[in-house]
Amino acid sequence: MKKPFIKNPIKFKKIELHKFLKEFDKLYKKRPIKNNIGGMQYPHMFAVYCILKKIKPSFVIESGIYKGQSTWLIEKTLPKVKILSIDIDMSNLIYKSNKAKYSTVDFSKQDFKKLPKNTLAFFDDHQNALERVLQCRKFGIKNLIYEDNYVDGTGDCYSLKKILSNSGNIRKITLKDIKRMIKKLLRETLKKYFNQNYVPKININELIWLLKLDNVSPNLNDKKVLLKNIISYQEFPPIFKTKLNRWGKKWNDDYFPTEKPILKEDKKDLFKKAFDEAMSYTWISFVKIRNLKN
């Protein structure tokens with residue numbers, strides 16, 4: 001009987017990671033967006049670079065593109081790859097690729113037909129990870145990168161890591177959230193009132209996020225469903241592991257279990273930007289979806 005869960009489907013040799021790191025470090029210095037706070041930074045950009053190098057997909061679907069840095073990375077890593085860049089809000093876009101097609105229709109509602117077998121879906125959209133896995137299986141997409149892989153008690157979405165730890169995703173509604181929602185609705189309503197041709201920039205996904213309607217109670221069933229639909233799950237290691245993580249807490253395996261870092265801290269002067277942005281790491285992962293016939 002086959003094992004239902006294989007941890008590391010992509011084998012990275014140490015010497016290979018070091019080679020990739022030297023290549024990527026030169027590439028990262030040429031990035032079009034120098035300040036990408038709120039989007040991917042060095043650790044996750046490197047992870048995507050390595051996975052793309054190993055998988056070599058002919059078609060990449062990215063859901064959640066923010067300023068466009070990830071699109072730039074994909075096209076520079078695989079110059080011949082076809083790209084579909086999806087974001088329900090393109091107002092933050094800075095870098096736009098001539099090689100990519102753009103869509104504001106959510107990934108779940110796309111009309112995917114006759115996709116290449118080696119298609120890869122890259123999610124940086126802060127959505128329910130289990131729903132994205134099930135959607136990928138429905139569309140016949142086997143390779144998936146999940147960027148927002150937060151641990152219990154952190155982040156703003158129901159991640160793979162939370163599902164595997166049966167922790168659920170509970171976020172409390174605060175007065176700040178309510179004020180933010182009212183302010184947003186009022187601003188958009190007034191714009192529409194004074195300009196009937198104005199299209200309000202608020203959507204159901206944003207309302208769900210603001211009102212915490214995407215909360216999920218701790219449960220074992222979601223883990224069972226996830227494992228039933230994937231054959232592998234692999235967290236890409238951080239380049240450096242600092243004493244504190246992005247939440248200012250001790251980065252230890254008791255509360256923040258993490259793969260062994262690629263480099264020790266004594267190498268930080270060789271890869272200064274990698275060390276400076278090390279705290280942006282959030283357990284980016286590669287997932288292989290189970291074949292529909294399995």
Side-chain angles (χ1 to χ4, degrees), residues 7-31 33 36-57 60-78 81 83 118 120-126 129 132-133 136 143-151 154-155 157 159-161 164 230 232-242 245-246 251 256-264 267-268 271 273-288:
K7 188 179 181 184
N8 294 322
I10 307 177
K11 301 297 182 184
F12 289 106
K13 295 180 180 179
K14 190 174 182 179
I15 190 170
E16 183 180 38
L17 283 174
H18 287 188
K19 175 179 175 292
F20 282 162
L21 186 56
K22 289 179 181 178
E23 293 173 357
F24 175 77
D25 193 66
K26 293 179 182 178
L27 179 63
Y28 194 67
K29 291 173 182 176
K30 301 176 183 178
R31 66 195 185 282
I33 303 162
N36 201 36
I37 300 296
M40 279 200 302
Q41 296 186 62
Y42 202 117
H44 285 196
M45 292 275 284
F46 177 61
V48 173
Y49 176 83
C50 291
I51 295 170
L52 290 176
K53 283 280 191 179
K54 296 289 281 189
I55 300 296
K56 293 182 174 63
V60 175
I61 304 161
E62 54 170 349
S63 178
I65 61 175
Y66 192 41
K67 295 179 181 180
Q69 191 100 292
S70 56
T71 313
W72 171 83
L73 175 66
I74 295 166
E75 69 175 9
K76 292 300 179 183
T77 307
L78 300 173
V81 73
I83 308 169
N118 65 338
L120 182 143
F122 169 50
F123 295 105
D124 186 10
D125 54 12
H126 299 255
R132 289 309 195 202
V133 165
C136 281
N143 300 313
L144 185 162
I145 297 176
Y146 193 79
E147 201 265 346
D148 311 302
N149 200 19
Y150 299 109
V151 298
T154 68
C157 58
S159 66
L160 295 169
K161 207 165 175 68
L164 292 170
I230 67 175
S232 57
Y233 165 84
Q234 178 178 8
E235 292 176 14
F236 194 87
I239 302 169
F240 292 104
K241 187 176 177 182
T242 51
N245 60 24
R246 65 185 298 172
W251 194 347
F256 302 97
T258 306
E259 296 290 328
K260 185 179 178 181
I262 297 169
L263 299 176
K264 292 182 179 179
K267 301 292 184 182
K268 66 180 182 181
F271 299 96
K273 203 64 182 175
F275 185 78
D276 289 344
E277 299 180 0
M279 290 170 64
S280 67
Y281 177 83
T282 53
W283 303 275
I284 186 170
S285 57
F286 173 74
V287 174
K288 204 160 186 67

Exercise. Side chains of Val60 and Leu120: closer than 4.5 Å at any heavy-atom pair?
Worked result: yes

Exercise. When the ring centroid of Phe24 is compared with that of Phe20, is the distance short of 6.0 Å?
Worked result: no

Exercise. Does a side chain donor of either Tyr42 or Asp25 reach within less than 3.5 Å of an acceptor in the other side chain?
Worked result: yes

Problem set entry | Residue pair Trp283 / Thr258, side-chain donor-acceptor N/O under 3.5 Å | yes

For this session: Quick one: pull up OG in Ser285 and CD in Glu259 and give me the separation to the nearest 0.5 Å.
Result: 11.0 Å

Exercise. Just by modelled atom types, is the Gly39 backbone N or O under 3.5 Å from a matching donor or acceptor in the Gln69 side chain?
Worked result: no

Problem set entry | Flag side-chain contact, heavy atom, 4.5 Å: Glu277 against Pro43 | yes

Seminar exercise, completed: When rounded to the nearest 0.5 Å, the distance separating CD1 of Ile33 from CD of Gln41 is 11.5 Å

Exercise. So, do Ile284 and Ile145 sit near enough that their side-chain heavy atoms are less than 4.5 Å apart?
Worked result: yes

Exercise. By side chain to side chain donor-acceptor pair (under 3.5 Å), which residues pair with Glu147, not counting sequence neighbours?
Worked result: His44

For this session: Determine, using ring centers only, whether Tyr28 and Phe46 are less than 6.0 Å apart.
Result: no

Exercise. How close do Ala129 and Tyr146 get, heavy atom to heavy atom, and via which atoms?
Worked result: CB-CZ, 3.5 Å

For this session: Drop me the distance from Lys56's NZ to Thr77's OG1, to the nearest 0.5 angstrom.
Result: 11.0 Å

Exercise. Charged N to carboxylate O below 4.0 Å: is that the case for Glu235 and Lys161?
Worked result: yes

Exercise. Could you state the interatomic distance from CZ (Phe236) to SG (Cys50), rounded to the nearest 0.5 Å?
Worked result: 3.5 Å

For this session: Just jot down the side chain to side chain contact (heavy atoms under 4.5 Å, CB included) partners of Asp276, sequence neighbours excluded, or say none.
Result: Lys272

Problem set entry | CG on Asn36 to CZ on Arg31, rounded to 0.5 Å | 8.5 Å

Problem set entry | Under 3.5 Å: donor-acceptor pair, side chain of Lys76, backbone of Leu73 | no

For this session: For the residue pair Glu16 and Lys53, establish whether any side-chain heavy-atom pair is separated by less than 4.5 Å.
Result: no

Exercise. Between Asn245 (side chain) and Trp251 (backbone), is there a donor-acceptor pair under 3.5 Å?
Worked result: no

Problem set entry | Spacing of Leu144 atom CG and Phe123 atom CZ [to the nearest 0.5 Å] | 5.0 Å

For this session: Verify the neighbour count for atom NZ of Lys54: are there more than 12 heavy atoms of other residues, nucleotides or ligands below 6.0 Å?
Result: yes

Exercise. Could you go step by step and tell me if Phe275 and Lys267 meet the side chain to side chain contact (heavy atoms under 4.5 Å, CB included) rule?
Worked result: CA-CA 9 Å; Phe275 185 78; Lys267 301 292 184 182; over 6 Å; no

